[in-house]
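Notes to accompany the following structure.
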Amino acid sequence: MSKSDPSLGQQGPRAGLSRRARDFFILGFCFCSVLFLLAATGELDFIVAFAAMAVLASVAFAYFVGSAAFLPVRSTARTQAPATVTRRLDSVQLLRALPLPAFEVDGDKRIVAFNEHADLILRLDGRVNPRASTVIRSPALLSAIDRIGRGEGDESLSVEVDSGPDETWRAHVSRPTGAEQTLVVLEDLTPVHRAARARSDFLANASHELRTPLTALSGFIETMRGPAKDDTGSWPRFLDIMAGESERMSRLIADLLSLSRIEFSEHISPSEHEDFTKIVLDATEALQPIASERSVTLELVGAEGALPVIAHRDEIMQVVENLLTNALKYTPAGGKVTVFYGNTPSMVEARAKAGHGWREGERMTLLPAAGRPGKPDPSVWLRIEDQGPGIEREHLPRLGERFYRADQSRGGKITGTGLGLAIVKHIMAHHRGGLAVETRLGKGSAFGIWLPAARI
Ligand SMILES: Nc1ncnc2c1ncn2[C@@H]1O[C@H](COP(=O)(O)OP(=O)(O)OP(=O)(O)O)[C@@H](O)[C@H]1O
Ligand SMILES: [Mg+2]
């Protein structure tokens with residue numbers, strides 16, 4: 001634990017008192033000796049000498065007691081105040097103040113101090129001074145602790161530690177000058193590694209998705225130049241396929257651009273006051289022609305009045321359009337797609353309205369909204385129900401991942417890039433909202449979103 005400066009700590013009120021008592025005793029003894037000698041040699045009457053000694057002793061005692069009464073106050077003020085100023089943080093306090101997992105290992109290779117982050121990672125479970133080798137499984141880290149502990153050359157070392165299939169840490173091992181313990185600070189590299197992997201997966205997927213229609217296009221061009229050069233009758237069919245493929249490519253590029261635009265502005269919170277009802281009505285109206293073309297009835301069920309939200313209009317419009325496009329795409333001709341929307345006094349209720357409509361449905365929250373616990377959070381919600389084939393349970397957790405398509409494994413003929421829900425998820429996160437899916441195999445699916453309403 002911390003200690004005050006030793007030189008200050010010695011000067012307590014007791015020390016001051018004993019020094020003064022000693023001085024008074026020496027002075028009194030000398031004066032009394034002089035009086036006694038005078039009395040013994042007859043220079044002074046014994047009675048007078050004793051009376052003088054008694055008076056002197058009383059005055060000295062009165063002065064000593066009187067002055068001593070002030071002594072503790074003065075000495076406390078002088079000694080304790082500087083002690084508080086010079087108080088140092090000890091290693092446990094320093095470890096606790098660190099926002100990273102950190103611990104100290106002594107010369108016997110025992111963990112002698114740690115903070116709560118390290119406790120969670122190392123799972124110390126209240127063990128007292130456990131051996132480092134019993135809690136740390138990484139040979140690299142153990143040998144780094146050993147090397148630094150023995151003071152072999154290096155002053156500090158950084159080693160990467162894999163602590164699971166998906167977890168990577170960097171351990172900074174050092175021994176501060178003059179310290180007996182080795183300090184280990186852990187840094188979580190998992191998010192950095194995950195982001196790097198996601199980036200390379202994304203690039204691989206994007207180039208693969210672009211290559212497929214490109215290969216088809218160049219294949220048909222070759223065919224039309226070569227074997228089918230004179231078979232002009234088959235050209236319209238080839239041209240139709242080529243038009244479809246180039247459309248697919250431009251859709252993919254539009255989605256990729258959209259994703260990167262959303263990611264780019266992710267740190268800018270939406271600030272515009274918008275009417276959620278109007279956005280829902282506009283998006284539905286924009287997709288009415290596609291519904292009619294596919295002979296699907298598009299129905300709107302919701303409040304007519306304005307539902308104010310703080311949102312980015314184009315982004316929320318894109319969310320509704322992406323969800324509606326999917327619903328229309330998977331609903332067979334003659335079926336119905338229903339758009340429900342409204343507002344609720346709390347986010348929990350909005351989430352229930354958006355994501356929980358069928359008793360026997362399989363449901364999953366794909367993005368939990370970042371609500372503020374304990375605060376009123378009036379919200380708006382939207383739920384789009386379709387009469388499509390539904391989605392198998394095992395696909396639900398992966399919906400919203402870039403390029404993930406549940407019907408690919410079913411060999412479905414419905415095309416898509418698998419970016420629509422990823423865009424929805426991103427936009428909803430940007431609006432501190434949520435996304436949920438509910439599905440009944442063979443009967444239909446429902447996708448729901450919710451986000452905070454604006455306070456008027
Ligand atoms: N309403 C739905 N009914 C059934 N399956 C759906 C529905 N909505 C989404 N899915 C499944 O989720 C997958 C991902 O959807 P998403 O919108 O992200 O991609 P997409 O529609 O295939 O392509 P994109 O929207 O990028 O053109 C789809 O491929 C499909 O398997
Ligand atoms: Mg889609």
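Counting convention: from 1, in listed order, for ligands and their atoms alike. Any value given below was found using the heavy atoms of this structure, including those in side chains, with hydrogens, waters and symmetry copies removed.
Residue-level proximity to ligand 1 for His395 is absent, since no heavy atom of it falls below 4.0 angstrom. Proximity of Asn322 to ligand 1, defined as any heavy-atom pair under 4.0 Å, is not found for any part of the residue. When non-hydrogen atoms are compared, ligand 1 lies under 4.0 Å from the side chain of Asp386 (C-beta onward) but not from its backbone. If you look at Thr325 next to ligand 1, there are no close heavy atoms at all, none under 4.0 Å. Residue contacts with ligand 1, taken as heavy atom pairs separated by less than 4.0 Å, involve Ser445 solely via side-chain atoms from C-beta onward. When heavy-atom distances to ligand 1 are checked against a 4.0 Å cut-off, Tyr404 comes that close only through its backbone atoms N, CA, C and O.
Every atom of ligand 1 is numbered from 1 in the order shown, and the set under 4.0 Å from a heavy atom of Leu419 is 18 (O), 19 (O), 26 (O). Below 4.0 Å from some heavy atom of Leu399 lie the following atoms of ligand 1, by number and element: 12 (O). Numbered from 1 in the order shown, with element, the atoms of ligand 1 that lie under 4.0 Å from a heavy atom of Phe447 read 1 (N), 2 (C), 7 (C), 8 (N), 9 (C). Residue-ligand proximity, Asp255 to ligand 1, at heavy-atom distances under 4.0 Å covers atoms 26 (O).
Between Val296 and Ile290, the closest side-chain pair of non-hydrogen atoms is not below 4.5 Å. You'll find the side chain of Leu122 stays beyond 4.5 Å of the side chain of Phe114, heavy atoms only.
Within 6.0 Å of NZ on Lys425 lie more than 12 heavy atoms contributed by other residues, nucleotides or ligands. The environment of CD in Glu187 is crowded: more than 12 heavy-atom neighbours from other residues, nucleotides or ligands sit within 6.0 Å.
Using a 4.0 Å cut-off between charged nitrogen and carboxylate oxygen, Arg199 and Glu263 do not count as a salt-bridge pair. A salt bridge links Asp282 with Lys278: the closest approach of a Lys/Arg side-chain nitrogen to an acidic carboxylate oxygen falls below 4.0 angstrom. A salt bridge is defined here as a Lys NZ or Arg NE, NH1 or NH2 lying under 4.0 Å from an Asp or Glu carboxylate O, and Asp146 with Arg150 meets this definition.
The N/O atoms of Gly420, backbone and side chain alike, include one that comes under 3.5 Å of an N/O atom in ligand 1. Considering backbone and side-chain atoms together, Gly418 places an N or O closer than 3.5 Å to an N or O of ligand 1. Residue Thr417 has at least one N or O atom closer than 3.5 Å to an N or O atom of ligand 1.
A perpendicular orientation is assigned to the rings of Tyr341 and Phe276, their planes being inclined by more than 60° (bins at 30° and 60°).
Closest approach of Thr331 to Lys336, counting heavy atoms only: CG2-N, 3.7 Å. Pairing each heavy atom of Trp235 with each of Ala228, the nearest pair is NE1-O, 2.9 Å.
Heavy atoms of Gly388 come nearer than 4.0 angstrom to ligand 1 in no pair at all.
Between the choices Leu421, Leu259, Leu328, Leu324, the shortest heavy-atom distance to atom 18 (O) of ligand 1 belongs to Leu421.
Residue side and main chain included, Thr417 places no N/O/S atom under 2.8 Å of the Mg ion (ligand 2).
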